[in-house]
Structures are given as C-alpha cells and as structure tokens.
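What's counted below: heavy atoms across the whole structure, side chains too, no hydrogens, waters or symmetry copies. None of these values were measured; they are calculated from a predicted model.
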Amino acid sequence: MALQDGYLDELTARSDIADVVGSYVNLNKRSGSNLFGLCPFHGEKTPSFSVSPEKQIYHCFGCGKGGGVINFIMEIEGLSFMDAVAFLAKRAGMPPPDDGTPNEVKNKRARLLELNKEAARFYYEMLSQPEGKAAVAYMEKRKITRPVAIRFGLGAAPDGWDYLLKAMRGKGFTEKEMFEAGLIKKSSKGSFYDTFRNRLMFPVIDVRGSVLGFSGRALGDNEPKYLNSPDTPVFNKSRNLFAINLAKKCQDGRFILCEGNVDVVSLHQAGFTGAVASLGTSLTQDQARLLSRYTDQIVLAYDGDNAGIKAAQRAIGIFEQVGMKVRVLRITGAKDPDEYIHSYGAAAFAQLLDDSPNQVDYQLAQIRARFQLEDEKSRVAYLNEAADFLSKRSNAVEREVYANRIAQETGISADAILLEAKKRSSRKAKQDKKKAERELMRPAQAIQPSGHELRYSDVVSAAAEEGIIRLLLLDPSLSPMTDVLGAEDFSSPFLYKAFRIVKKRIQENASLTPASLCNELEPQEAQHMSAVLQKPERASEAQRAMGDYMEKLKTQRLRRQGRLNPGALADLYRNKKGYGEH
C-alpha cells in the first residue's frame with residue numbers, strides 16, 4: 001500500500017518492537033540477543049514467542065505468527081494494515097498516514113460507528129415510547145434503576161419488523177450500511193428486517209467510547225436469550241467485552257467476569273464497577289489481554305454447574321498466560337450475582353469476593369472432589385494427580401505451601417509429595433530438552449510455509465533462495481553478485497517477490513532491515529518471512545555462502561527444466577568460483 005516516501009521506515013524506526021510488544025507481552029526471558037515471553041496468540045506454558053530487537057521482528061516458534069511491528073499491531077489489535085499504521089503513528093507522535101485512499105473508503109469505519117451510535121440513540125429513546133414498555137417492565141423486575149440504565153445506554157428494540165430500519169433510513173443511512181453493521185437481516189425473499197426485535201438492548205462500547213455493536217436480551221420467549229451483533233468491520237465478539245468502557249475506570253484493583261449482561265449491570269449498580277461480561281462466547285485470549293491492560297486481578301463469577309466449572313478451569317489457564325491472578329467466586333443461596341445481591345446485599349457480596357479462593361485453591365479443590373480419601377487406591381490416585389498439578393507450578397514456595405496442605409489431608413508427608421512433583425517436572429523438562437535437541441540436529445532446510453498459496457514446490461532451491469535474502473539483508477554489498485538472477489532462477493514466486501523488494505531497496509539506498517522487508521509483504525508473507533529471517537548467516541563467510549546458494553539455484557533450475565546432465569554440472573562446478581567476480 002502506497003504511503004509517503006520513507007513514512008513506514010520512519011514509523012518503524014520510532015516504534016521499537018521490544019517496547020511495543022512489551023506493552024502486551026511480558027518479555028522476561030533472554031536467549032542470545034532475543035527476548036522471549038508467552039505467546040499472546042496461542043496458549044502455551046513455556047515461552048516460545050521471540051522478539052529480536054536487533055532485527056526488529058517477532059516470531060512464535062509455537063504457532064508461527066511473526067513479522068514486524070506493524071504486523072504485530074494488526075494481529076493483536078485486530079486492525080487493518082492502514083489502521084495499524086495509524087495506531088502506531090499516534091503512539092509515536094507522527095502525523096497520520098496519507099495513503100491516497102478515497103475518502104468514501106477511508107471513512108467506511110467511521111460511517112459504521114456513526115450508524116451504531118444513532119442506533120443506540122434510537123433504542124434508548126424507545127424506552128420513553130409505548131413500544132418500549134416491555135423493556136421498562138423487565139428493568140423494573142430486575143430492579144435496574146433509571147440512572148444506571150442511562151449510564152449503560154440501555155434501550156429497547158420494539159416488537160416489530162422494521163422500526164430501526166425506517167428510523168435509520170430517515171437518518172440517511174442505506175440498507176447496505178445497516179446490513180454491514182449487522183443491524184438488519186435479509187429474508188429469503190430479498191426484503192430486509194430488523195435484527196433485534198422485542199429485546200432489552202445493551203450497546204457494546206469500546207474503551208474509546210465508540211459503539212461497536214449490540215447485545216439484546218429477549219423479553220419474551222424468543223431464542224436465543226441473548227442475541228449479539230455478528231462480527232462486522234467494526235465489531236468482533238472475541239476481542240471485546242461488555243462494559244469494558246466503564247470497568248476500565250474501576251478503582252477497586254480487580255475485575256469481575258460475569259456470564260450475563262444483567263449481572264454486570266446489577267453489580268455496577270451495587271458499586272462493583274469492575275464487572276464485565278464476554279459476549280456469548282467462551283473467554284478468549286484477546287479478551288484476557290484486554291483486561292490485563294487495566295488490572296492483574298480477576299474474579300470469575302461463573303455458575304456453579306458443570307458447564308460453569310469447566311469454563312472456570314479453562315479461563316484460569318488463559319488468565320495465567322497473561323500474568324493475571326485469578327479468584328473464583330463461590331455463590332451459595334443464589335443462582336447468580338444479581339440474585340445474591342438482591343437477597344443478601346452488597347456488603348455480603350463484597351465479603352464473598354474477599355473470601356473467594358485463588359486459582360490454585362480452586363483447582364486443587366476440584367481435583368480433590370473427584371476422589372474418596374478413605375479408600376487407599378483413590379487416595380493414591382488423588383496424590384498422583386495433585387503431584388502432577390504441583391509439578392506445573394513454577395514457584396517453589398507455592399509448591400511447598402500446597403504440598404503441606406495436601407499432606408494434612410492425606411497423611412502423606414509433604415516431602416514425598418514434593419519429591420514426586422519434582423520427578424514429574426524433571427521428566428517433562430528432559431522431554432522438552434530432547435525435543436529441542438532433535439530440532440537443532442535436523443539438517444538445514446527451507447521452512448515450508450503454512451499457507452497453501454505460499455507452499456514451496458522445490459524445497460532445496462527454496463532453502464537457497466531464503467539464504468540469498470538473509471545474506472543481502474546482512475551484507476548489501478553482496479548485491480552485485482545476484483544481478484544475474486531472474487524470476488526463472490527462483491522456484492518460489494513469494495521468495496522472488498521478497499528478493500526484488502530487497503534489491504530495489506538496495507538500489508534506492510533505502511532503509512534495509514528485516515522489518516522494512518516485512519512492511520512490504522502481505523501479512524501471511526511477513527509471518528513466514530519472520531521465520532526465515534530467524535535462521536542465522538555468518539558474515540565472515542557471506543561471499544562464499546552467497547556463491548554456494550547461487551550455485552544451488554542454478555542446479556535446481558536445470559533439474560526442474562530437465563536439463564541437468566553431466567556437461568551442465570561440469571560447467572557449474574567450473575564456474576563456481578566466478579560468482580564473486582559478477
């Protein structure tokens with residue numbers, strides 16, 4: 001995408017990748033010149049997410065995500081390329097980018113956000129109209145006060161087919177825009193109708209105050225009970241949380257993650273302003289990362305049924321990956337936080353929060369509940385599972401505290417429990433080490449891309465093509481040696497594209513870094529290139545290596561063309577030392 005000359009180079013120079021990534025990921029390990037942390041894009045317990053301050057790129061050896069700082073912001077924030085550039089420009093104090101995109105395209109996101117704001121205003125106004133009586137009655141039933149309804153921007157979707165459609169059309173919005181925003185649907189006959197009908201409406205507002213979408217609670221027998229906006233150009237359920245715009249101001253130091261929007265509203269009304277809810281989906285890593293920007297403590301207020309227990313266990317693992325401390329609320333005498341507060345009051349709920357067990361207590365209690373300690377066989381099974389659980393805790397003090405607690409329950413010494421946990425931990429460490437050693441012993445070869453459109457047809461040639469790109473980035477003075485190379489010498493169109501970008505930058509004396517190369521590639525290409533550039537090249541033998549790589553390209557080209565005969569091979573070996581003179 002075209003930008004002012006040098007704009008992206010200046011932007012990446014001002015956006016140090018270690019600083020940017022470090023605001024999302026705890027890069028607390030160092031290996032060589034690289035920083036490591038837990039990958040924010042997939043679940044893991046051993047850090048495989050690498051950031052290279054020297055090359056200004058990142059790469060995860062677990063899931064394969066990678067690229068430059070712009071790619072990282074695109075991925076972590078769910079932004080388009082230009083939106084990510086604008087995001088970083090604002091962070092770096094640079095003027096916003098001008099890419100020459102027509103205003104109608106550039107302003108599409110702003111247009112949809114304006115439509116959502118007008119829709120939220122319409123739903124709110126319906127609370128004062130006869131069409132909103134059912135929603136008002138429901139709020140009264142749930143004891144939601146008018147001031148709280150105003151704070152959340154609650155509204156009513158009338159029980160009709162096209163109330164919103166007509167109102168937004170009157171505001172100058174098109175059916176195409178309403179459909180794209182998820183506010184209307186299209187029937188099999190081609191006519192449009194309102195998505196939300198006969199529902200109490202909860203606008204989903206981001207931390208910047210923009211209305212991204214809606215969540216509607218059924219007022220009658222309609223299914224589902226909660227209906228959320230579909231994913232749109234401005235809304236992604238897995239990346240957002242209901243009431244995060246209000247909870248971010250919470251002074252309590254902890255957030256409360258609820259299952260339903262009404263629970264959130266009731267908690268805020270009772271003074272617990274850190275309450276949020278996911279939007280009809282299981283907790284995602286994106287949502288956990290969003291919460292971790294504002295606090296390091298979370299209380300899970302899930303139901304106590306089997307589904308709630310499973311959801312809590314899963315959420316604990318996700319929150320631990322982003323460095324958050326987790327507690328799990330245990331509600332007795334009520335089915336949810338809303339009912340508990342109305343039955344026992346806010347003070348009792350506050351005590352319930354303070355008494356809630358931390359994640360280790362909770363998880364051990366869940367393990368304990370499955371066994372009968374009076375039975376020796378069952379007790380041994382419990383001890384083995386508990387030891388396995390402790391073996392995964394990295395804090396030695398924590399291990400000892402809980403080993404003593406388990407010892408009191410079972411009559412087995414804490415030393416025996418700790419020894420078993422240590423054995424299991426050592427066994428796992430050895431397995432991981434052997435796996436790493438096997439990877440290191442593997443012969444050098446091209447890294448096969450994951451995307452089908454980037455797959456290598458000739459991995460031998462591709463390995464050399466990758467090496468040529470690495471060497472040019474390491475030592476641009478080698479560029480004249482590669483002037484003889486053309487498209488026919490490359491087996492991979494993607495690698496030839498990267499090669500041409502590097503050559504052009506050398507010819508124009510432009511900034512030449514791994515990050516600048518990634519900036520000119522598509523996201524999936526940049527992701528793979530980050531893996532390619534992680535492999536080392538020796539500067540002291542760069543010229544010789546370049547000659548070897550080019551010889552390999554020529555050999556493989558002849559092989560692909562069916563022209564590899566003894567005479568051709570002899571010519572190649574005869575001219576092997578001539579590459580340095582080109």
Heavy-atom distance under 4.5 Å between the side chains of L165 and M178, does that happen here? yes
Interatomic distance, NZ@K325 vs CD1@I298, rounded to 0.5 Å, equals 13.5 Å
Please answer whether the main-chain N or O of Q527 pairs with a side-chain N or O of S530 as donor and acceptor at a distance below 3.5 Å. yes
Can you list the residues that meet the ring-ring contact (aromatic ring centres under 6.0 Å, His included) rule with F61, with sequence neighbours excluded? H59
Quick test of your reading of the model: are R254 and D354 salt-bridged, counting only N-O distances below 4.0 Å? yes
Q297 versus M324: any side-chain heavy-atom pair under 4.5 Å? no
Residue pairs involving residues 204-236 (criterion ring-ring contact (aromatic ring centres under 6.0 Å, His included); sequence neighbours excluded): Y123-F214
CG of N245 to CZ of R151, rounded to nearest 0.5 Å, is 11.0 Å
4.5 Å side-chain heavy-atom contact, L112 and P233: yes
Sub-4.5 Å side-chain heavy-atom contact between N26 and L38: no
Closest heavy-atom contact between A134 and N198? CB-OD1, 4.3 Å
Set out, in order, the CA-CA distance, both residues' side-chain angles and the distance that settles side chain to side chain contact (heavy atoms under 4.5 Å, CB included) for N358 and V326, then state yes or no. CA-CA 6 Å; N358 64 38; V326 189; over 6 Å; no
Of all heavy-atom pairs between V264 and A277, which one has the smallest distance, and what is that distance? CG2-CB, 3.6 Å
Spell out, as yes or no, whether a donor-acceptor pair under 3.5 Å connects the side chain of K55 to the backbone of L533. yes
Between CD1 of I70 and CE of M82, what distance do you get to the nearest 0.5 Å? 9.0 Å
Is there a donor-acceptor pair closer than 3.5 Å between any side-chain N or O of S278 and the backbone N or O of S282? no
Rounded to the nearest 0.5 Å, what separation is found between the CG atom of N261 and the CG atom of N228? 7.0 Å
Apply side chain to side chain contact (heavy atoms under 4.5 Å, CB included) to residues L517 and M529 and explain how you reach the verdict. CA-CA 9 Å; L517 171 57; M529 185 54 62; 3.9 Å; yes
Donor-acceptor contact present, side-chain R142 to main-chain D263, <3.5 Å: no
For the atom pair CZ (F173) and CG (L164), what is the distance rounded to the nearest 0.5 Å? 10.5 Å
Within the side chain of S191, is there an N or O that forms a donor-acceptor pair under 3.5 Å with the backbone of S187? no
Check this for me, if you would: do R14 and E10 make a salt bridge, where the nitrogen-to-carboxylate-oxygen distance has to be below 4.0 angstrom? yes
Tell me the closest heavy-atom pair linking V328 and I316, and the distance in Å. CG2-CD1, 4.1 Å
Under 4.0 Å between a side-chain nitrogen and a carboxylate oxygen: does that hold for D303 and K335? no
N306, CG: over 12 other non-hydrogen atoms inside 6.0 angstrom: no
Determine which pairs satisfy ring-ring contact (aromatic ring centres under 6.0 Å, His included) with at least one residue from residues 263-302, sequence neighbours left out, and list them in order. F152-H268, F272-F349
Is any side-chain heavy atom of V51 closer than 4.5 Å to one of F49? yes
Side chains of Q359 and E320: is there a donor and an acceptor less than 3.5 Å apart? yes
List for me each residue that meets ring-ring contact (aromatic ring centres under 6.0 Å, His included) alongside F255, sequence neighbours excluded, and say none if there are none. none
Carefully, step by step, assess L183 and D194 under the rule side chain to side chain contact (heavy atoms under 4.5 Å, CB included). CA-CA 6 Å; L183 293 170; D194 291 354; over 6 Å; no
Set out, in order, the CA-CA distance, both residues' side-chain angles and the distance that settles side-chain hydrogen bond (donor to acceptor under 3.5 Å, both in side chains) for R217 and Y138, then state yes or no. CA-CA 10 Å; R217 207 285 183 192; Y138 181 81; 3.2 Å; yes
For T12 against N519, the heavy-atom pair lying closest together: CG2-ND2, 3.1 Å
Near R370 CZ, under 6.0 Å, is it more than 12 heavy atoms from other residues, nucleotides or ligands? yes
T273 and D252, any side-chain heavy atoms less than 4.5 Å apart: no
Are side-chain heavy atoms of K171 and E118 found at a separation under 4.5 Å? yes
With F319 via ring-ring contact (aromatic ring centres under 6.0 Å, His included) - residues at least two apart: none
Relative to the ring of F41, is the ring of Y58 parallel (under 30°), tilted (30 to 60°) or perpendicular (over 60°)? tilted
Less than 3.5 Å apart, any donor N or O on the side chain of Q56 or D16 sitting next to an acceptor on the other? yes
Testing L113, V234, I205 for side-chain contact (heavy atoms from CB on, under 4.5 Å) with V211, which one passes? I205
Could you check whether any side-chain heavy atom of L352 comes within less than 4.5 Å of a side-chain heavy atom of R330, counting everything from C-beta outward? no
Exam field: side chain S210 to backbone D206, donor-acceptor pair closer than 3.5 Å: no
Test of understanding: with side-chain hydrogen bond (donor to acceptor under 3.5 Å, both in side chains), list the residues that count as partners of R111, not counting sequence neighbours. E177
Is a donor on one side and an acceptor on the other found under 3.5 Å between the side chain of T195 and the backbone of I184? yes
Evaluate the side-chain hydrogen bond (donor to acceptor under 3.5 Å, both in side chains) criterion for residues N34 and S50: first the C-alpha distance (whole Å), next the side-chain angles of each, then the deciding distance (0.1 Å), finally the verdict. CA-CA 6 Å; N34 287 1; S50 168; 3.1 Å; yes
Using distance alone, with no hydrogens and no angle criterion, decide if Q269 and T145 have a side-chain donor and acceptor under 3.5 Å apart. yes
Assess, by modelled atom type and distance only, whether the side chains of Y163 and R197 contain a donor and an acceptor separated by less than 3.5 Å. no
Shortest non-hydrogen contact between D336 and I331, atoms and distance: C-CD1, 3.8 Å
Is any side-chain N of the basic residue among E525 and K497 closer than 4.0 Å to the acidic one's carboxylate O? yes
Has R314 got a side-chain atom pairing as donor or acceptor with L283's backbone, closer than 3.5 angstrom? yes
Test your reading of the model: is there a side-chain donor-acceptor pair from Q285 to the backbone of H42, 3.5 Å cut-off? yes
Going from CG on D305 to CD1 on I309, what distance comes out if it is rounded to the nearest 0.5 angstrom? 7.5 Å
Short side-chain to backbone donor-acceptor contact, N222 and A218, under 3.5 Å: no
Of the non-hydrogen atoms in A84 and M74, which two are nearest, and what is the gap between them? CB-CG, 3.4 Å
Might you work through the side chain to side chain contact (heavy atoms under 4.5 Å, CB included) test for Q129 and M126, ending with a clear yes or no? CA-CA 5 Å; Q129 303 300 320; M126 283 294 102; 3.7 Å; yes
